[in-house]
Amino acid sequence: MPAHYPVVTQRRLFLALLLFLLATLQLGLAARVMAPGGWTPWEVLGFLCFAGTAPWTALCAANGLIGLALLLLSPDPPAAVLPALRRAAPGAPRLATAIVICIRNEEMGAVLAPLARLLDGLAAAGAAGRFTPWLLSDTQDPALAAAEEAAVAEFRRRYPATRYRRRAANTGFKAGNIMEFLDRHAQGAELMLCLDADSEMSAAAVLRLVACMEADHRLAILQQLIVGRPAEAAFPRLFQFGMRAGMRAWATGQAWWQGDEGPYWGHNALIRIEPFRRHARLETLPDGRPILSHDQVEAVRLQAAGWKVCCLPEEAGSLEGNPPALPEFMARDLRWAAGNMQYWHLLRLPGMTAMGFWQLSQAILLFLGAPLWVGVLVFAALNAVTGGGEAAPAAALAALLGVSWGMLHAPKLAGYAEVLLRPALAARYGGRWAFLRGAAAELAFTALLDPVSLFNKAMFLVRLPFGGGQGWAPQNRAARGVGWGDAVRLLWPHTLFGLGVFGLLLWAAPGAALWALPFAGGLVAAVPFCVLTASPEVSAWLRTARLAATPEELAAGLAAAE
């Protein structure tokens, strides 16, 4: 049993109490809104849907609050939640590491440029000899494969240690690609740095991960926090501005109570090869389908075997690309939803720890809340048009909406508060005023994105049991505009649903229409939102105004000016 087990147990008991109090606050406010005048059938159904969202909302609030406390009060938050850091002194690495990048139909210039920067950084640190880069291809198209091979051949002229392997069939997708590499090609390597095609890591970040692994021999996966790479398009620029703040607080709070049973997000992570190969091999599901969201299943199996899986809640030097526009964002969400819903079949894995069970359940909750939120809106609207909501106290309803929104977005709000309260951190964003402008723009962006995203996931999950899933297709990572016709074809169900709810309320219960505006209004605006956030003109304006700029972008601009 780990020496810190009693401490982690106490932390989890504190979390459970906090979750109970936060969920009770939410449900108590909901009851105060619905109970006056008696409960109608629509109110009962709406309350049940709302109660189903409470665990995830309470978890968001709890992680945000705990994370903010650690970020503000601890002199070294990452070391506070990951004790191995106290013993890890980055230096000349002893263990050999394979740098593994999985590729499939990628634009190779965008893949190889970050890898070159990493290899140059490792060479400058005198550590290049302990790292071997591997490009693992699942590209099936002959023309794309030929271009890929030519790009790698050119890259190897400068970096001759680079290795390249392309499979004839992409069996098992990324998880199968990596395991096949470990079985056949990883001899001599003790660690594997797993990167996606749009990942970028600095040499300093990688060497720190290696030092942590060398300091704790029971550490199987060390997951680095990941932030968005500087983006030109408006959609990823605004999305990742808020995501970065939220993930910093979320990951710090979560690592505090999860300890060495943490998450794995599939990339920008360092893996100990021997236990991963032995315990993280994935079979197919009972119906023969491959496991799509493989990463957390691999983490859970390593935890069950007694190995540590830890998250380093530190963002320096670990980046990824984000979807360039709303259509790609929606497609990625549905890929993740299809994978996470498979976890229903895995909740009874033999030997799973209680934390492993919770992590798979948490991944399900992440998407299961979408149809429940849509249900809340539908039942609230039906209640209003049938006269059932007339006795609802306006103050209690406003409090319920405000508290629910604040709890749901607590990690991001906590991250924003941290920046505003720490002048040195605010300076990296161009100062408090520049940061506030970016935060305000991001919050307006999120107010329009959330309804579209929730309704899209709800539609998908309703279809999924009837074979309405989608394949694990290659991703478009290039910035592009979205035409009005394409946006209408993609988003007409969202728009029609929003117009139907809002129009029904305006006709039958005008007083309730204002309360539905935050959700229904976002659906009505889905098409222009999609087009404008992909518009080159809007993107150029955001860049010129330095709105929602990342510290990396600002640092690069300063370097260019000098």
Side-chain angles (χ1 to χ4, degrees), residues 99 101 106-125 155 158-159 193 195-209 224-248 267-268 314-325 415-416 418-420 422-439 441-442 445 477-480 533-562:
I99 302 173
I101 305 178
E106 304 289 348
E107 198 288 299
M108 292 304 293
V111 175
L112 295 174
L115 178 59
R117 290 191 286 270
L118 172 58
L119 296 177
D120 289 343
L122 293 170
F155 186 80
R158 183 178 174 189
Y159 304 98
L193 179 69
L195 300 176
D196 267 1
D198 59 354
S199 294
E200 179 164 3
M201 293 192 73
S202 69
V206 172
L207 291 173
R208 185 170 192 187
L209 294 182
Q224 170 91 27
L225 190 60
I226 313 167
V227 300
R229 293 166 67 174
E232 295 188 358
F235 186 94
R237 188 184 187 92
L238 291 165
F239 170 78
Q240 66 197 28
F241 188 86
M243 188 69 175
R244 181 174 197 158
M247 283 304 297
R248 188 167 58 246
H267 57 97
N268 293 44
E314 186 173 83
E315 62 184 31
S318 177
L319 301 96
E320 67 173 343
N322 279 301
Y416 287 165
E418 181 209 4
V419 174
L420 295 173
R422 293 177 58 190
L425 187 54
R428 297 183 61 216
Y429 287 89
R432 285 193 179 99
W433 173 239
F435 181 79
L436 275 172
R437 289 169 52 235
E442 187 279 327
F445 167 85
R477 307 186 196 274
R480 65 180 183 92
T533 54
S535 163
E537 291 77 17
V538 173
S539 301
W541 177 79
L542 286 177
R543 294 195 306 274
T544 302
R546 294 287 183 93
L547 197 61
T550 65
E552 290 79 15
E553 178 190 355
L554 295 174
L558 180 62
E562 292 174 349

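Just the heavy atoms: all of them, side chains too, but no hydrogens, waters or symmetry mates, feed the values below.
Minimum heavy-atom separation, Ala434 to Gly430: CB-O, 3.7 Å. Closest of all the heavy-atom pairs between Pro236 and Pro323 is CB-O, 3.5 Å. A pairwise comparison of heavy atoms in Pro324 and Ala233 identifies O-CB, 3.8 Å as the closest pair. Pairing each heavy atom of Ala205 with each of Ala316, the nearest pair is CB-O, 3.6 Å. Shown here for Leu207 and Ala125, the closest heavy-atom pair between the two residues is CD1-CB, 3.8 Å. In terms of heavy-atom proximity, Gly228 sits nearest to Thr550 at O-CG2, 4.4 Å.
Counting heavy atoms from C-beta on, the side chains of Val419 and Arg428 never come closer than 4.5 Å. Residues Asp198 and Leu319 have side chains not in contact (no heavy-atom distance under 4.5 Å, counting atoms from C-beta outward). By the 4.5 Å heavy-atom criterion applied to side chains, Gln240 and Val227 are not counted as neighbours. Between Ile99 and Leu119, the closest side-chain pair of non-hydrogen atoms falls below 4.5 Å. Side-chain atoms of Leu425 and Phe435, non-hydrogen and from C-beta on, never get closer than 4.5 Å to each other. For the pair Arg546/Arg437, no side-chain contact is recorded, criterion being any heavy-atom separation below 4.5 Å from C-beta on. Proximity of Met201 to Leu193: side-chain heavy atoms (C-beta onward) are separated by under 4.5 Å at one or more points. Here the side chains of Thr533 and Val538 are not in contact, with every heavy-atom distance at 4.5 Å or above.
The aromatic rings of Phe445 and Phe235 stand perpendicular to each other, their planes meeting at an angle above 60°, with 30° marking the opposite boundary.
Ser318 places a side-chain N or O within 3.5 Å of a backbone atom of Leu225 that can act as its donor or acceptor partner. Without hydrogens or angle criteria, Arg432 side chain to Leu420 main chain gives a donor-acceptor distance under 3.5 Å.
A side-chain contact (heavy atoms from CB on, under 4.5 Å) with Tyr159 is found for one member of Leu115, Leu112, Asp120 and no other, namely Asp120.
With no hydrogens or angles considered, no side-chain donor-acceptor pair links Gln224 and Asn268 at under 3.5 Å.
Annotation: the span from Ile226 atom CD1 to Ser199 atom OG amounts to 6.5 Å, rounded to 0.5 Å. Atom CG of Asp196 and atom CD of Glu106 lie 8.5 Å apart (nearest 0.5 Å). Of the inter-residue distances, the one linking Glu442 atom CD with Leu238 atom CG reads 7.5 Å to the nearest 0.5 angstrom.
The pair Glu553-Arg543 fails the salt-bridge criterion, with no side-chain N (NZ, NE, NH1 or NH2) lying under 4.0 Å from an Asp/Glu carboxylate O. Under a 4.0 Å N-O distance rule, the pair Arg237/Glu232 does not qualify as a salt bridge. Of the charged side-chain nitrogens involved, at least one lies within less than 4.0 Å of a carboxylate oxygen, so that Glu315 and Arg248 count as a salt-bridged pair. Taking the charged nitrogens against the carboxylate oxygens, Arg229 and Glu552 have no contact shorter than 4.0 Å, which rules out a salt bridge.
The 12-atom threshold is not exceeded at CE of Met243, counting heavy atoms of other residues, nucleotides or ligands nearer than 6.0 Å.
In this structure, Tyr416 has its ring center no closer than 6.0 Å to that of Tyr429.
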